[in-house]
Amino acid sequence: MARKKQTQGTCVFCDREMTRSGLAKHLKSCPQRQEAIGAADQGAGSRQPIYHLQIEDAWDGQYWLHLEMKGGSTLKELDRYLRVIWLECCGHMSEFLVGSGWGGRKVAASRRAEQAFEPGLVLTHIYDFGTSSETLIKVVDVRQGKPLSRHPVFLMARNKPLEAKCTECGKPAAWLCLECVYDHDELGTLCDRHAKDHPHDEYGEPVPLVNSPRIGMCGYVGPADPPY
Ligand SMILES: [Zn+2]
Ligand SMILES: [Zn+2]
Ligand SMILES: [Zn+2]
Ligand SMILES: [Zn+2]
């Protein structure tokens, strides 16, 4: 089987485009990131450990984020961030576990990053214990200094939207039919034109094909934008 092409994303500091693992290395040495950190260290804010997190869907890793998180912020804040950018449909429960998979020890959401994280650690975040979304959180690195943002989390890169083709005509798709996915075991990806005259309505009109691993699950419709 042909290997799936890895998704690319852009470094927010220098605009270079790379894969998830390419960015994990690049962000350690990106000159523009070093400049931004230097500038932040001159400014207000308190010095603390700041963690570089690589976050990916546990399914096939096509969806991913590179984040910086303040050591003084809690896992609850990270949970909130993941819900807004990727997951929230109807307020399900969520949990952090040590390791990859469902077997690990639970980590309380009230823990601060500096209490819970160290480079090399992997956590699993589970959102919704019914139709579950599993997310892997890898602690790539830590720096001592001042944060780049007043918020708990700073977005350094994310995957570009996945390319999908319309199942009717092969043109780029922007919509998803949930009836195709849930009831007919089909891809359900549609272009603008074919979304308009698509016959299925069991779960409403086709929904926008947003940049989230939860697309098509439990009626999730996005918008998959970062909270700040
Ligand atoms: Zn860069
Ligand atoms: Zn839901
Ligand atoms: Zn089409
Ligand atoms: Zn359909």
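First listed ligand is number 1; within each ligand, the first listed atom is number 1.
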Asks: For a quick test of reading the model, state the closest non-hydrogen atom pair linking V142 to P49 and the distance between them.
Replies: CG2-CB, 3.8 Å
Asks: With a 4.0 Å cut-off on N to O distance, would you call D57 and R214 a salt bridge?
Replies: no
Asks: When you measure from the Zn ion (ligand 4) to each N, O or S atom of H200, which atom gives the shortest distance?
Replies: ND1
Asks: Looking only at heavy atoms, what is the nearest atom pair of Q54 and E56, with distance?
Replies: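 Heavy atoms only, the tightest pair is NE2-OE1, 2.8 Å.
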Asks: Would you call E205 and K196 a salt bridge, using N to O less than 4.0 angstrom?
Replies: no
Asks: To check your reading of the site, what angle at the Zn ion (ligand 1) do SG of C11 and SG of C14 form, to 10°?
Replies: 110°
Asks: For residues R158 and P226, report the shortest heavy-atom separation together with the two atoms involved.
Replies: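 Of all heavy-atom pairs spanning R158 and P226, the closest is NH1-CD, 3.8 Å.
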Asks: Would you confirm whether T189, through its side chain, and K165, through its main-chain N or O, come within 3.5 Å as a donor-acceptor pair?
Replies: yes
Asks: Quick check for you: within a radius under 2.8 Å, how many protein N, O or S atoms neighbour the Zn ion (ligand 2)?
Replies: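 N, O or S atoms of the protein closer than 2.8 Å: 4.
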Asks: State, to the nearest 10 degrees, the angle whose vertex is the Zn ion (ligand 4) and whose arms point to NE2 of H198 and SG of C177.
Replies: 110°
Asks: Does any N, O or S atom of C180, backbone or side chain, fall under 2.8 Å from the Zn ion (ligand 4)?
Replies: yes
Asks: Between H125 and E134, does any side-chain donor sit less than 3.5 Å from a side-chain acceptor?
Replies: no
Asks: Minimum heavy-atom separation for C166 and L190, please, with both atom names.
Replies: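 Taking every non-hydrogen atom into account, SG-CA, 3.9 Å.
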